Amino acid sequence: MQNKIGIDQSKCSACKICEIFCAAWNTGTANPKKAHIKVINRFPEPEIQFLDSCNLCAFLNVEIPICVKYCNRNALVLREES
């Protein structure tokens with residue numbers, strides 16, 4: 001089975017905390033431009049995109065990807081897919 005990040009855009013507030021934590025954990029700097037996830041503030045709901053460079057934090061050896069763990073609105077969830 002393979003994991004995938006599910007997105008509930010109706011819960012996203014476009015706070016971009018997922019971008020900041022992704023960049024901080026993966027590059028050592030809290031620069032959202034270096035994140036593997038992008039939040040685009042669109043009306044009525046933000047758009048969330050994952051770059052091809054996203055590997056679900058596999059090389060960090062964590063069970064839950066950083067963006068999912070720190071999303072304070074639960075807009076991002078980890079799902080198993082077969």
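Note: hydrogens, waters and symmetry copies are ignored here, and every other heavy atom, side chains too, is used. None of these values were measured; they are calculated from a predicted model.
The number of heavy atoms from other shown groups lying within 6.0 Å of NZ (K38) is above 12.
Side-chain contact between V68 and L56 is absent, with no heavy-atom pair separated by less than 4.5 Å. The side-chain heavy atoms of D8 and N74, taken from C-beta on, include no pair separated by under 4.5 Å.
Atoms CZ and CD, on R42 and Q9 in that order, are 10.0 Å from each other to the nearest 0.5 Å. With rounding to the nearest 0.5 Å, the separation of SG in C12 from CD1 in I7 is 9.0 Å. Of the inter-residue distances, the one linking C18 atom SG with I66 atom CD1 reads 12.0 Å to the nearest 0.5 angstrom. The structure places CG of N55 at 6.5 Å from SG of C57, a figure rounded to the nearest 0.5 Å.
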Walk me through it: do Q2 and K4 pass the test side chain to side chain contact (heavy atoms under 4.5 Å, CB included)? CA-CA 7 Å; Q2 199 172 23; K4 183 177 180 180; over 6 Å; no
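The stretch residues 14-30 participates, sequence neighbours left out, in no side chain to side chain donor-acceptor pair (under 3.5 Å) pair at all.
In terms of heavy-atom proximity, C15 sits nearest to N72 at SG-OD1, 4.2 Å. Closest heavy-atom contact between C71 and A75: SG-N, 3.2 Å. For A14 against P46, the heavy-atom pair with the smallest separation is CB-CG, 3.7 Å.
In this structure, L78 is a member of the same hydrophobic cluster as I37, with clusters built from ILVMFWY side-chain heavy atoms closer than 4.5 Å. Linking Ile, Leu, Val, Met, Phe, Trp and Tyr whenever their side-chain heavy atoms come within less than 4.5 Å leaves V77 and V39 in two separate clusters. V62 and F59 fall within a single hydrophobic cluster, where Ile, Leu, Val, Met, Phe, Trp and Tyr are joined by side-chain heavy atoms under 4.5 Å apart, directly or via other members.
Among R79, E80, E81, the single residue meeting the side chain to side chain contact (heavy atoms under 4.5 Å, CB included) criterion with N3 is E80.
Judged as a salt bridge (Lys or Arg N to Asp or Glu O under 4.0 Å), and not counting sequence neighbours, E45 has no contacts. For F50, there are no ring pair (Phe, Tyr, Trp, His ring centres under 6.0 Å) partners at least two apart in sequence or on another chain.
When atom types are taken as modelled, the side chain of R73 and the backbone of K11 share a donor-acceptor pair closer than 3.5 angstrom.
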